[in-house]
Visitor: 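Take a look at this one; I'll ask things after.
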Amino acid sequence: MPHDLPVAIAGAGIAGLTAALSLARHGFQVDIVEQATELREVGAGLQLSPNATAVLERLGLGHDLARVWREPDEIRLSDGASLSRVAAVPAGAYARQRWGHAYAAIHRADLQQVLSAAVAVHPLCRLHLGHRLDGVTISRLDAITGRRPAVLIGADGARSALRAVLPGAGARHFSGHVAWRMTLPFDKAPDVLDPQAVTAFMATRAHAVAYPLRDAFNLVVIGRGSADLAAGSPQQVPADLLALWHPGLQAAIRQATPAVAWPLFEVADGAWDDGAQRVLIGDAAHAMTPFAAQGAAMAIEDAFELAGFLAQSRAPADAFAAYRRHRAGRIDKVRARAAFNRFAYHAAGPLRLGRNLVLGLRRGESLAADFDWLYGYQARG
């Protein structure tokens, strides 16, 4: 595909901004169209495993990101009721040694700021804010940007407007789970939270995750809930869910900022492109539950690898077909890992006891080897 052909991206979140920088790296002219009038990332924190930080470093963002992310020493599994340590995977310097790149925790807003700052100074990238894209037509984009795109990339999330008009695309559906997200300043946090670790506290049909950001703990409780909760609305963690945890963890949840509820949606398998001009990446293509902490990482990988296929192909249709063949198996494998983690984290009764026993017998290095296929992945681009 000629690199002087313009590309348009719907959505200026993590997927869209990463795609813009990845395309510009190959010489494409890129327009990013976003309905918000200012870039303001929702949510608090996210985990960037080495497969994601490898891409961000290849885009030249490693130095700026290292100033605002944290690299926890380990990823720990703990019993939510007793707080006893079940198992741990070493991270920190070990992650860099084993997988070649950082395992990092970062504010979503910090990541978006670094990405958007790089887009703003890149001569091949233009950002257009305050434009709704209902219908997402090429002529509409032409009117907004002043140039007709050869490719339109849908990076507009699980509620993607582009997916809604893409023939054969997967349907969005509620997972049955809700995430209650909050932050807790370090100076208010009880000792049950470790500022040097990502900790998953496992309970019956629920789990909580705590990890350090630049200036506070990110704290997330995930359990069964209703799809009717408004995304991003202030909602207390339900009393029956709160009662599952050790009193120290309950205290941390109560002392945190008011919880914000996010019903968790998935996108079923379906078409990612129309075989001509339009293609989906990230949550727009394959939104998944966060049980493997890979949503942002898969969006970053998608963006980088699609750009590479567009640069190496003679026509968009060829690039789309190669991209789907290359990515589909990996996405399926990550989905399967997320499903396994949900089963393991939320186990009850004898299954919970068996889980703790089996995991407790394994050394950290042995557990780390289970993630080589995931964290050691080098995105093509």
Side-chain angles (χ1 to χ4, degrees), residues 42-47 72 75-88 105 107-108 174-213 215-266 289-293 295 338-339 341-353 355-356 359:
V42 296
L46 55 82
Q47 298 173 60
I75 305 157
R76 184 183 305 160
L77 300 179
S78 295
D79 186 283
S82 68
L83 301 185
S84 61
R85 177 191 179 105
V86 176
H107 273 286
R108 287 176 177 270
F174 179 52
S175 70
H177 290 86
V178 172
W180 287 267
R181 295 172 173 156
M182 60 211 92
T183 57
L184 180 59
F186 291 132
D187 60 2
K188 294 183 179 180
D191 291 341
V192 299
L193 302 185
D194 186 345
Q196 304 303 323
V198 174
T199 307
F201 299 94
M202 303 177 292
T204 300
R205 291 180 289 280
H207 77 286
V209 180
Y211 54 85
L213 301 176
D215 54 5
F217 282 101
N218 190 63
L219 187 57
V220 184
V221 174
I222 298 179
R224 289 284 175 180
S226 171
D228 295 332
L229 293 174
S233 62
Q235 298 282 344
Q236 287 187 336
V237 176
D240 60 337
L241 197 55
L242 188 63
L244 296 173
W245 314 110
H246 182 278
L249 189 53
Q250 291 186 33
I253 293 169
R254 290 193 180 99
Q255 291 165 14
T257 57
V260 175
W262 290 92
L264 300 176
F265 286 85
E266 301 172 280
T289 53
F291 295 103
N341 285 0
R342 182 198 62 76
F343 171 77
Y345 291 177
H346 293 192
L351 287 175
R352 172 172 166 264
L353 296 175
R355 173 204 67 197
N356 291 359
L359 288 173

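Only a predicted model underlies this, so the values are computations on that prediction, with no experimental measurement involved.
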Visitor: Under the criterion side-chain contact (heavy atoms from CB on, under 4.5 Å), I'd like the reasoning laid out for L249 against L193: C-alpha separation, chi angles, the key distance, then a yes or no.
Guide: CA-CA 8 Å; L249 189 53; L193 302 185; 4.1 Å; yes
Visitor: Identify the heavy atoms of A259 and V237 that sit nearest to each other, and give their distance.
Guide: CB-CG2, 4.3 Å
Visitor: Using ring centroids (six-membered ring only for Trp), state whether H177 and F291 fall under 6.0 Å.
Guide: yes
Visitor: Please list all pairs meeting side-chain hydrogen bond (donor to acceptor under 3.5 Å, both in side chains) that have one or both residues in residues 222-232, counting only residues at least two apart or in different chains.
Guide: none
Visitor: Is the shortest heavy-atom distance from the side chain of R352 to the side chain of D79 under 4.5 Å?
Guide: yes
Visitor: Evaluate the side-chain contact (heavy atoms from CB on, under 4.5 Å) criterion for residues V221 and M182: first the C-alpha distance (whole Å), next the side-chain angles of each, then the deciding distance (0.1 Å), finally the verdict.
Guide: CA-CA 9 Å; V221 174; M182 60 211 92; 4.2 Å; yes
Visitor: With no hydrogens and no angle check, is any side-chain donor or acceptor of Q250 less than 3.5 Å from a backbone partner on W245?
Guide: yes
Visitor: Tell me if the CD atom of Q255 is crowded by more than 12 foreign heavy atoms within 6.0 Å.
Guide: yes
Visitor: Of the non-hydrogen atoms in A105 and P72, which two are nearest, and what is the gap between them?
Guide: N-CD, 4.3 Å
Visitor: Does the side chain of H107 reach to within under 4.5 Å of the side chain of D215, using non-hydrogen atoms?
Guide: yes
Visitor: Determine whether L241 and W180 satisfy the following criterion, side-chain contact (heavy atoms from CB on, under 4.5 Å), listing intermediate values before the conclusion.
Guide: CA-CA 11 Å; L241 197 55; W180 287 267; 3.4 Å; yes
Visitor: Hey, is CZ on F343 packed in by over 12 heavy atoms from elsewhere, all under 6.0 Å?
Guide: no
Visitor: Of all the heavy-atom pairs spanning T199 and S78, show the shortest one and how long it is.
Guide: CG2-OG, 3.7 Å
Visitor: Side chains of Q235 and V178, heavy atoms from C-beta outward: is any pair under 4.5 Å?
Guide: no
Visitor: Roughly how far, to the nearest 0.5 Å, is CZ of F201 from CG of L244?
Guide: 14.0 Å
Visitor: Do the side chain of T257 and the main chain of T183 share a donor and acceptor less than 3.5 angstrom apart?
Guide: yes
Visitor: If you compare all heavy atoms of I222 against all heavy atoms of V220, which two are closest, and at what distance to 0.1 Å?
Guide: CG1-CG1, 3.8 Å
Visitor: Could you tell me which non-hydrogen atom of M202 sits nearest to which non-hydrogen atom of A344, and how far apart they are?
Guide: SD-O, 4.3 Å
Visitor: Going through the distances and angles, do Q47 and N218 end up as a side-chain contact (heavy atoms from CB on, under 4.5 Å)?
Guide: CA-CA 10 Å; Q47 298 173 60; N218 190 63; over 6 Å; no
Visitor: Between Y211 (side chain only) and A200 (backbone N and O only), is there a donor and an acceptor less than 3.5 Å apart?
Guide: no
Visitor: Mind listing the closest non-hydrogen atom pair of A206 and G223 along with its distance?
Guide: CB-CA, 4.2 Å
Visitor: Classify the angle between the aromatic ring planes of F186 and F217 as parallel (below 30°), tilted (30 to 60°) or perpendicular (above 60°).
Guide: perpendicular
